[in-house]
Protein chains: 2
Amino acid sequence: MAFDDWDEVRTAYHVARLGTVSAAADVLGVHHATVIRHIDALEGRLGAKLFQRHARGYTATEAGQDLLLVAQATQDQLSQLAGRIKGRGNEVTGELVVTSVTSMSELLTPVLADFRLAHPELTVRFLTGSRLFRLEYGEAHVAIRAGAKPNEPDNVAQRFVDLCVGLYASRDYVERMGMPKGPDDFAGHSFVGLDDEKSRAPFQRWMHENIPAEQIVFKTNADISRAHAVRAGVGIGFLAGYSAHHDDDLVQIMPPRAEWGASTWLVTHVDLHRTAKVQTFLRFLKQAAKDWPVHG
Amino acid sequence: MAFDDWDEVRTAYHVARLGTVSAAADVLGVHHATVIRHIDALEGRLGAKLFQRHARGYTATEAGQDLLLVAQATQDQLSQLAGRIKGRGNEVTGELVVTSVTSMSELLTPVLADFRLAHPELTVRFLTGSRLFRLEYGEAHVAIRAGAKPNEPDNVAQRFVDLCVGLYASRDYVERMGMPKGPDDFAGHSFVGLDDEKSRAPFQRWMHENIPAEQIVFKTNADISRAHAVRAGVGIGFLAGYSAHHDDDLVQIMPPRAEWGASTWLVTHVDLHRTAKVQTFLRFLKQAAKDWPVHG
DNA sequence: CAATTGATGTGCATTTTTGCAATTGCCGTT
DNA sequence: AACGGCAATTGCAAAAATGCACATCAATTG
């Protein structure tokens with residue numbers, strides 16, 4: 001490839017456009033000797049003359065005029081690109097990628113939908129489930145994480161809502177099996193738990209320590225399935241307070257405890273944190289969260 | 001302008017395309033460190049991140065992906081341009097600009113027409129007349145010059161045909177004024193000459209030295225007008241041998257002399273001389289000139 | 001016709017860029 | 001849980017590009 005130095009192309013472009021080495025050097029902000037050497041090097045590698053040299057300057061040959069057209073297009077496109085990139089930091093357009101644990105989907109989805117409506121030029125992608133999506137790989141702009149404060153470098157984390165979880169069972173279950181009066185009255189009852197043994201969710205560790213394994217009769221790896229199981233009357237299980245609070249088919253077995261709940265964190269990559277798109281979304285999300293029944 | 005270093009754009013392009021700094025450095029033939037520094041500099045000037053850095057390489061942000069598209073187009077266009085420029089040296093296409101003194105138009109035009117027919121992709125421009133068109137300014141590819149060998153630097157000149165000029169008059173003029181028997185018998189005759197006092201044409205200097213000024217009754221600045229005047233019977237004048245030879249309306253007053261004639265030269269700019277287009281035309285022209293009645 | 005202007009070309013000192021090698025950090029594997 | 005490998009960094013020396021001053025040449029002007 002002869003054009004393995006795009007700067008020389010740019011130099012040749014200005015020479016072809018302006019007609020003299022001196023003028024091009026002036027525009028480029030370099031010494032005219034540099035311009036001459038760029039042209040010489042480029043022509044040498046091409047094996048063809050781009051300019052005819054004479055006392056009044058450089059005039060482009062056919063090859064030089066051809067280069068002029070191509071470089072002109074490049075120049076224009078780069079200018080537009082620069083504008084887009086600079087503007088993009090101040091606009092809420094393109095794609096907004098948000099990731100969170102599946103259990104928050106119910107809360108987040110309406111907010112994302114509203115945000116999408118408020119910004120018609122925006123496309124929203126909500127990633128959840130199967131695996132952890134990582135900000136440092138550029139897989140998402142914003143992550144809502146649960147648990148201890150994330151302290152990965154290059155990530156900025158700010159505290160979000162505290163999720164409360166309580167023990168619930170379906171009205172149907174309570175009618176069949178009776179209402180336990182307290183933690184000491186759990187004998188004979190069935191429980192719904194997580195399939196993941198090494199889950200670090202605090203309520204799951206509490207269940208693991210306080211409920212005999214043989215009483216955990218239904219295990220699932222998805223939060224949503226656990227909720228379905230509890231509602232279907234399989235047994236007693238932890239449910240998020242916001243989800244169970246206004247559901248008349250559910251009975252609270254034990255009220256939420258602080259030790260069961262989890263803090264959540266809004267996490268962004270430091271490179272994207274300052275952009276208008278991310279900032280706008282974070283403000284929008286925090287405003288919407290004020291109406292969440294997370295303390296139910 | 002943020003993109004004032006197109007080489008950095010090229011570097012960023014390869015990083016965006018390949019996903020890692022190392023792979024890009026490999027393709028570019030430079031060190032990893034150079035690639036990193038290019039990216040850092042470019043991002044710094046843009047004020048925006050083009051890549052998210054992580055342990056497995058660089059992944060392009062939206063801005064980086066946008067740059068990838070633009071740079072991809074540039075890369076493609078430059079590749080095509082390189083192909084065109086390299087190929088153009090071996091093809092007879094585009095424009096062929098030929099310049100000569102007006103007096104040779106009659107001889108050259110048919111050759112140019114034939115050459116044009118032989119190379120359909122070629123456009124021919126024939127410049128003559130008003131002023132001297134200069135090869136060093138790229139105004140023409142080939143010049144046919146008369147007189148002493150041109151010795152301008154950067155021009156290559158090769159000897160072409162010798163033009164012979166003789167003294168002619170119209171048959172009508174001779175019938176009216178009589179046929180002079182030789183140079184000593186010119187008294188009372190009328191002559192047609194050049195308007196340009198300081199013309200360096202040898203036949204014109206001969207006339208200036210041997211014919212009294214008052215006998216030069218018709219002066220013109222264009223060769224073609226001089227020929228018209230002689231044919232119209234205004235007087236005796238120098239005409240090119242090839243032009244007068246087979247014209248029954250013209251009478252040769254004095255046969256051509258070597259001292260009147262002029263050598264002609266094929267001149268090309270050194271930068272263009274080696275190209276196929278110019279070489280092909282020169283061969284074609286020299287072949288055609290073999291049939292010219294320039295010694296008439 | 002001489003002087004001046006404005007342009008290109010070239011040797012040399014300096015600044016900038018680049019290459020090198022050692023380091024760190026992270027991921028996947030043993 | 002430790003190890004090996006790959007990729008990104010970073011300090012320092014070498015190399016390359018650049019700037020500068022001067023030379024040169026052509027065209028224009030007085």
Trainee: Using the ring pair (Phe, Tyr, Trp, His ring centres under 6.0 Å) criterion, which residues pair with His14(B)? Sequence neighbours excluded.
Mentor: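 Ring pair (Phe, Tyr, Trp, His ring centres under 6.0 Å) check on His14(B) returns nothing, list empty.
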
Trainee: Between Gln204(B) (side chain) and Gly193(B) (backbone), is there a donor-acceptor pair under 3.5 Å?
Mentor: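 Absent.
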
Trainee: Looking at dC6(D), I'd like to know if its phosphate oxygens (OP1 or OP2) sit under 4.0 Å from a side-chain N or O belonging to Ser22(B).
Mentor: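 No, Ser22(B) has no side-chain N/O under 4.0 Å of OP1/OP2 on dC6(D).
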
Trainee: At under 4.0 Å between heavy atoms, what does Thr34(B) touch on the DNA or RNA strands: base, sugar-phosphate, or nothing?
Mentor: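 Sugar-phosphate: the residue Thr34(B), judged by heavy atoms under 4.0 Å, touches backbone atoms but no base.
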
Trainee: Please name all residues satisfying salt bridge (Lys or Arg N to Asp or Glu O under 4.0 Å) with Asp5(A), sequence neighbours left out, ordered by chain then number.
Mentor: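 Residues passing salt bridge (Lys or Arg N to Asp or Glu O under 4.0 Å) with Asp5(A): none at all.
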
Trainee: In whole angstroms, how far is the C1' atom of dA17(D) from the CG atom of Asp7(B)?
Mentor: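 Nearest whole value for this atom pair: 12 Å.
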
Trainee: Find the distance Asp4(A):CG to dT18(C):P and express it as a whole number of Å.
Mentor: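 These atoms are roughly 13 Å apart.
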
Trainee: Residues two or more places apart in sequence or in another chain: which of them pass side chain to side chain contact (heavy atoms under 4.5 Å, CB included) with Gln80(A)?
Mentor: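 Gln80(A): side chain to side chain contact (heavy atoms under 4.5 Å, CB included) contacts with Arg84(A).
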
Trainee: Between Arg17(B) and Tyr13(B), is NZ or CZ placed under 6.0 angstrom from the six-membered ring centre and within 45° of the ring axis?
Mentor: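 Ring-cation test returns yes.
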
Trainee: In whole angstrom, give the distance that lies between atom CG of Asp5(B) and atom P of dT16(C).
Mentor: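 In whole Å, dT16(C) P and Asp5(B) CG are 15 Å from each other.
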
Trainee: Identify the pairs formed between an N or O of the protein and an N or O of nucleotides 9-12 of chain C at a distance under 3.5 Å, and give each distance.
Mentor:
residue	atom	partner	partner atom	Å
dG9(C)	OP2	Tyr58(A)	OH	2.3
dG9(C)	O6	His32(A)	NE2	2.9

Trainee: Under the rule for salt bridge (Lys or Arg N to Asp or Glu O under 4.0 Å), what residues qualify as partners of Arg53(B), not counting sequence neighbours?
Mentor: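 If we apply the salt bridge (Lys or Arg N to Asp or Glu O under 4.0 Å) test to Arg53(B), skipping adjacent residues, the hits are Asp40(B), Glu43(B).
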
Trainee: Sugar-phosphate means primed atoms, P, OP1 and OP2; the rest is base. With that split, encode nucleotides 23-30 of chain C 5' to 3' as B, S or - using protein heavy atoms under 4.0 Å.
Mentor: ---SSS--

Trainee: What pairs with His141(A) under side chain to side chain contact (heavy atoms under 4.5 Å, CB included), at least two apart in sequence or on another chain?
Mentor: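 So His141(A) forms a side chain to side chain contact (heavy atoms under 4.5 Å, CB included) with Leu96(A), Val97(A), Leu272(A), Lys277(A), Val278(A), Glu62(B).
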
Trainee: Measure from CZ on Arg10(A) to P on dA17(D) and round the result to the nearest Å.
Mentor: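 Between P of dA17(D) and CZ of Arg10(A): 17 Å.
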
Trainee: Quick one: side chain to side chain contact (heavy atoms under 4.5 Å, CB included) partners of Lys86(B), sequence neighbours excluded?
Mentor: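 Residues passing side chain to side chain contact (heavy atoms under 4.5 Å, CB included) with Lys86(B): none at all.
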
Trainee: Taking side-chain hydrogen bond (donor to acceptor under 3.5 Å, both in side chains) as the definition, give me every residue that meets it alongside Ser263(A), ordered by chain and number, with sequence neighbours left out.
Mentor: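 So Ser263(A) forms a side-chain hydrogen bond (donor to acceptor under 3.5 Å, both in side chains) with Arg159(A), Asp162(A).
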
Trainee: Rounding to an integer number of Å, can you tell me how far Glu8(A) CD sits from dA17(D) C1'?
Mentor: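 Computing the Glu8(A):CD to dA17(D):C1' distance gives 11 Å.
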
Trainee: Measure the distance from CG on Leu135(B) to P on dA26(D) and round it to the nearest whole Å.
Mentor: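 Result: 15 Å.
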
Trainee: Once side chain to side chain contact (heavy atoms under 4.5 Å, CB included) is applied, do any residues pair with His32(A), and if so which ones, sequence neighbours excluded?
Mentor: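 Counting only residues at least two positions away or on another chain, His32(A) forms a side chain to side chain contact (heavy atoms under 4.5 Å, CB included) with Val21(A), Ala25(A), Ile36(A).
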
Trainee: List in chain and number order the residues that pass ring pair (Phe, Tyr, Trp, His ring centres under 6.0 Å) with Trp6(B), two or more places apart in sequence or in another chain; answer none if no residue qualifies.
Mentor: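 Scan of Trp6(B) (ring pair (Phe, Tyr, Trp, His ring centres under 6.0 Å), adjacent residues dropped) gives none.
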
Trainee: How many Å lie between CZ on Phe51(B) and P on dA7(D), as a whole number?
Mentor: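 These atoms are roughly 16 Å apart.
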
Trainee: What protein N or O atoms touch nucleotides 13-15 of chain D N or O atoms at under 3.5 angstrom, if any, and at what distances?
Mentor:
none

Trainee: How many whole angstroms separate atom CG of Asp26(B) from atom C1' of dA7(D)?
Mentor: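 The distance from CG of Asp26(B) to C1' of dA7(D) comes to 13 Å, rounded to the nearest Å.
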
